[in-house]
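Read through the structure below, which is laid out as structure tokens, and then see the notes.
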Amino acid sequence: MATVHIPTPMREATDGAARVEIEGATVREVVERLEASFPGLGGRLVEDGQIRPGLSAFVDGANVGRRLRTKLQPESELFFVEALGGG
Amino acid sequence: MRAIQYAAPSTVEDAVAILAEHGSDARMLAGGTDLIVQVREDARDTGVFVDAKKIPELMDLSVNADGSTTLGAAVPCHQLYNNAQFAASYPAVVDAARIIGSTGIQGRASVGGNLCNSGPAGDTIPPLIVHSAVCNIAGPDGERTVAVEDFCTAPGRNVLADGELLVSLTLPKPPAGSGSHYLRFIPRNEMDIAVVGAGASLVLDGESITAARISLGAVAPTPLFVQAAGDALIGLTANEDSFAVAADIARDAASPIDDMRGTIAHRKQLSYVLTQRALRGARARAQGGSPTNGH
Amino acid sequence: MAVDTRVGQTIKHHDEEYKVIGTRPIRHDGLEKVTGEARYGSDINLPGQLHGKVLRSPHAHARIVSIDTSGAEALDGVRAVITSAAFPDPGDKLTGGGEAPGLPLKFKSANMLARGKVHYHGHAIAAVAAANPHVAAEALKLIDVEYEVLDPVLEVWDAMKPDAPVIIEDLYTAKADGTTAEEASNVAAEMLYEVGDVDAGFAEADLVVDREFTFGVVHQGYIETHNATAHWLKDGHLHVWCSSQGAFTIRQELADLLDHPITKIHVVPMEIGGGFGGKTTAYLEPLAALLSRQTGHPVKMAMDRADVLKATGPTPGGYVRVKLGVTNDGMITAGYANLAFDAGGYPGSVVGAGCRCVFAPYNMPNAKVEGFDVVVNKPKTHAYRAPGATHAEFASETVVDEICRTLDIDPVEFRLKNSAKEGDWQLAMPPYPRIGHIECMEAARDSAQWQTPLETAPGKKRGRGIASGFWFNIGFTSSVTAKLNSDGSVTLLEGSTDIGGTRTSIAMQFAETLGISVEDVDPIVADTDSVGQTDVTGGSRVTFATGLAAHNAANDMKDQIVEGLADLWDVAADSITHADGTFSANGNSATVGEAAGLLEEEGVFPIGKNTVTPTREGGAFAVHIADVEVDDETGKVEVLRYTAVQDAGVAIYPPYVEGQMQGGVVQGVGWALNEEYVYDDDGHLLNASLLDYRMPTALDVPNIETIIVEVPNPGHPYGVRGVGEVPIVPPPAAMANAIHDATGVRMSHLPMSPARVQAALAAEA
């Protein structure tokens, strides 16, 4: 089970849960199940089965952007963070 | 495309004739450090550039029989600080000549050009005022003289009529016991325009002030001659209390605006502080020393 | 004995020894640049080229009633005049890759040439191509634009008021919870980041300090102005030469804006005279392209300084509130921050990054940060070195200093006690990997400046300040193609515009991995047709990410050499060893140079290549110390002495790292003391020149002493961390804390100009 960290403003969709456990071997599988389990998250973290444009996924500290094929370990920690630019 | 004309007369008469013919479309070109920039930036529409540098009277720097000095209107700044006699007699003017632009600019820019540009922040104008300099003007109707403090009439404007040009400035011989200083406040340490500038001249008899002139830049539509501030010092001892009296008058005389270079409150405060500092520098020079203030 | 402070110091927290990395070779582009042979965008001159110029709005906020270009078109020598009608309808499309993907394309398009409405003074209205620049300038005066002038909204606090004029009529706030507001406003986006229980944290605090700060708009101040030359060929191929931080980004933007196939667009990156985040987006390129398509001629365009200041992308002004709670023994219990940045005329400021940096140097169990992206009538803002972090950390580091004063705790001790370290939380992000804030703070504490008491002088108000700074650094994508020549030299193609000397730091990593000298590598910044995808030179990413691609490409080349030699020597490839640049197996050995010669005879020319999107950037920390003298009569602040300490991971080329640190300080000091956009009430920018937009001169900054701290980034084979951005973060706070130390006055606005310092001193007295 991967642990997905839910940003504060979106916890309404998870009944206030800051973390949810989701089964999945890849980011894609987790994203799909996340949308199915928490319909309120549709269009916020994920959109049409994709990570929303402008967000990046972090898997175990690695910034994997919107790469849905990224493999997950059973203990993986998944964050969704706004993508950054730089100067 | 705008066509321009360039004229290089060799006499004052020819220059007057060209200026008279073209009226406000013509402009004297000395160092060009203001004029060329203004034209390029569309800040001034000039069709005829009349080069000042081929006219001997405009390039003259000499001491007259009565001890006064003639400073040709197109003499570049570097000649002033490289002339020991001028530098010793008119140190406030040299203070200004040293801080206008960079060394390269000082190779071209002239005191006369700075005066004719008539910017409220023109660095050489308060020093000319405190040295009681007089403008020698030639025109279609002959020659006339105007005190520097009466020359500028508004930002970028002055008493020159169409066809007239500034030929030179006459600076009276400073009396014994005199000293002068000019300094300005700029937020950086170089390459900037005065937020406020202040010039002061003093004539001392021992510790006692026998004459004083104070002038401020960038605190009014034209460089300001604060006659009352100088007059208030006459008969007083050249000390901090006296300088504070003059500085108070200078601050009250200043009527600055808020703009991208400074605020009213800051310029009022600077008028006070810089007047004090200019007076201290003038006193130091009158006593044979040199100012310790930075600029 | 006096310490020679001109020589930077390096403090290593690792045992790695390298042959090339860490040395100081002559930079590959040095001679070209000092002799003037290097080619910049303005050096491009093509046969038959026309010159383009842009008409700009004299108003900050206006409806465009009509544009009549007939007068300009009739002028002899004018070849084309375009308005926003020349751009394809962007519809509801979003922007593609690059700096800020996923924003509505219609905003970017309208920023190129105003569409129906003017959003800021200087907004481009129309563009002209003519036989020469003078005719083009004359033609601009003949374009007749009728405006309906509207009230401008200039500051975020005014723009956020319920009754403020709404600049973009169909802008609905993107809320932090992912929903969208129902009523249009100037707030483009809201964000919220939270960790722990902030109310409980403040309840535990013995002292709570809550302060507000405001900021003027500042420009990156790169010396080379924007320029672009475009040639649209009859077959649809578009060639563009320009000054940009990213040729691939410009290509993507041109494809989006012009609705033109990406394969037909070819962007050539020229040498660049600075960018600092301001050259990450197109301005002139699409205009030159459209004018070229219309005329069939190449079109060259260049901005003057006023254009650059008025109408490119400065970094936001705005508002930051920071509230910190601490116990009496100096442990932070909670933090709250509220940031509102001006996006300029269209959405998309750097406020999100600012939010996430505001408390970054500290381990805070409870924190809440709110952010607002606000549209105002100023140019569309952009990144500037560690975008958003300088504002945010100016506020938080000033508050930290106030707490230290109030509790009488040494500011270094306080920061060491509360410092973020590996495994600690990051706001709304995974925990920190290995970071070097503590190591930087210790180096600052031990520095010559911190250890030398501030010299007092009678009548002088002097003070010392210290501040920390953090910036994330960015990964993105980079590519390298390296060709082994028959003499053993390597031609290295990379796509990263070289701003900070990066072609050498990339070549050094390649040389280290392959075991050759850096002089044998010839690094070339290649165009979009000649090298793989490479994102902008920004986010402090080039030495990190393109350097990683170079390392990977060197390994790829090494594998090919091994394969070739295995054939030649008739040995198994895995029996060949590689050490110190020499391949050996079974009594045979060859250096890279010898191998190149041997392989040439076999017709084998190895090409190492790699495209990489690294995932572990590793953030960077800096700690700066400033000594200042304040003239309490005029408010002028002089910097007496300055030390910059920074975790560079591993410094590939130390002089460039020091250069970035010093350059960041210079810009940070300018931001701290004088730089800001000055507007009148009607929204006109009053100081669009370098005379009145006061960047520091050489006489305004002292020698900046540097200490490089090396805490290697575990996310890079050589431990590299980006270094280009974080050095601009601490200076304003370090200066503000020093001004307070000197005078007892706390400054709450940037810049801390003489007028403001003097006013604050007068108010205190």
Side-chain angles (χ1 to χ4, degrees), chain A residues 2-19 27 31 34-35 38-48 50-73 75-87, chain C residues 94-95 98-103 175-179 190-195 220 245 275-278 280 315 350 352-353 355-356 368 382-388 426 428-433 471-477 536-541 613-617 715 722 724-725 728:
Chain A
T3 304
V4 182
H5 293 254
I6 307 297
T8 321
M10 299 181 188
R11 288 179 196 161
E12 205 180 305
T14 59
D15 280 337
R19 285 180 289 274
V27 175
V31 160
L34 200 58
E35 203 173 4
F38 304 101
L41 283 179
R44 300 186 187 190
L45 291 181
V46 294
E47 202 171 77
D48 306 327
Q50 302 278 331
I51 296 169
R52 218 185 66 201
L55 288 182
S56 287
F58 278 73
V59 175
D60 300 326
N63 179 356
V64 302
R66 300 172 68 206
R67 297 195 283 289
L68 292 168
R69 292 190 304 112
T70 307
K71 291 194 172 50
L72 301 178
Q73 304 302 314
E75 303 291 303
S76 279
E77 303 255 338
L78 190 55
F79 284 79
F80 294 95
V81 180
E82 280 150 49
L84 283 175
Chain C
L94 300 181
T95 52
E99 271 285 281
L103 284 173
K175 302 223 170 232
D177 64 4
T179 61
E190 292 176 4
M191 42 217 84
L192 170 64
Y193 306 91
E194 204 170 5
V195 66
Q220 300 85 355
Q245 290 176 237
F276 311 109
T280 53
T315 220
V350 294
C355 288
R356 287 156 58 189
K368 179 175 174 180
H382 269 276
Y384 179 17
R385 266 187 140 140
Q426 280 190 90
M429 278 184 68
Y432 274 117
W471 175 247
F472 294 97
N473 297 333
I474 314 294
F476 290 168
T477 297
V536 286
T537 294
S540 304
R541 58 173 294 278
T613 305
T615 61
R616 295 176 190 271
E617 297 88 353
E725 293 173 289
I728 201 173

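In what follows, chains are A, B, ... by sequence order, proteins preceding strands, each numbered from 1. We use all heavy atoms of the structure for the numbers below, so side chains are in, but hydrogens, waters and symmetry mates are not.
- Q245(C) touches chain A through its side chain: at least one heavy atom from C-beta onward sits under 4.5 Å away, while N, CA, C and O do not.
- Separating the CZ atom in F58(A) from the CD atom in Q426(C) is a distance of 8.0 Å, to the nearest 0.5 Å.
- Only the side chain of I474(C) has a heavy atom closer than 4.5 Å to any heavy atom of chain A.
- Between chain A and the residues Q220(C), R385(C), E725(C), the largest count of heavy-atom pairs under 4.5 Å involves E725(C).
- In terms of heavy-atom pairs under 4.5 Å with chain A, the best-connected choice from P614(C), G388(C), G178(C) is G178(C).
- Contacts between E77(A) and chain C at a heavy-atom distance below 4.5 Å are absent for every atom of the residue.
- The heavy-atom pair separating P9(A) from L192(C) by the smallest distance is CG-O, 3.6 Å.
- The two residues G61(A) and R616(C) have their closest heavy-atom pair at C-NH1, 3.7 Å.
- Interface remark: T315(C) contributes no atoms to any contact with chain A (heavy atom separation under 4.5 Å).
- Two residues are said to be in side-chain contact when any heavy atoms from C-beta on lie closer than 4.5 Å; L84(A) and R356(C) meet this criterion.
- Annotation: side chain to side chain contact (heavy atoms under 4.5 Å, CB included) contacts of E617(C) (sequence neighbours excluded): N63(A), N473(C), F544(C).
- Most heavy-atom pairs under 4.5 Å with chain A: of the set G722(C), P430(C), A353(C), this distinction falls to P430(C).
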Practice prompt. Could you walk me through whether R67(A) and T613(C) pass side-chain contact (heavy atoms from CB on, under 4.5 Å), step by step?
Written response: CA-CA 11 Å; R67(A) 297 195 283 289; T613(C) 305; 3.5 Å; yes
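- For the pair E82(A) and G352(C), the tightest heavy-atom approach, listed with the atom from each and the gap, is OE1-CA, 4.5 Å.
- Contacts of T179(C) classified as side chain to side chain donor-acceptor pair (under 3.5 Å), with partners at least two apart in sequence or in another chain: D177(C).
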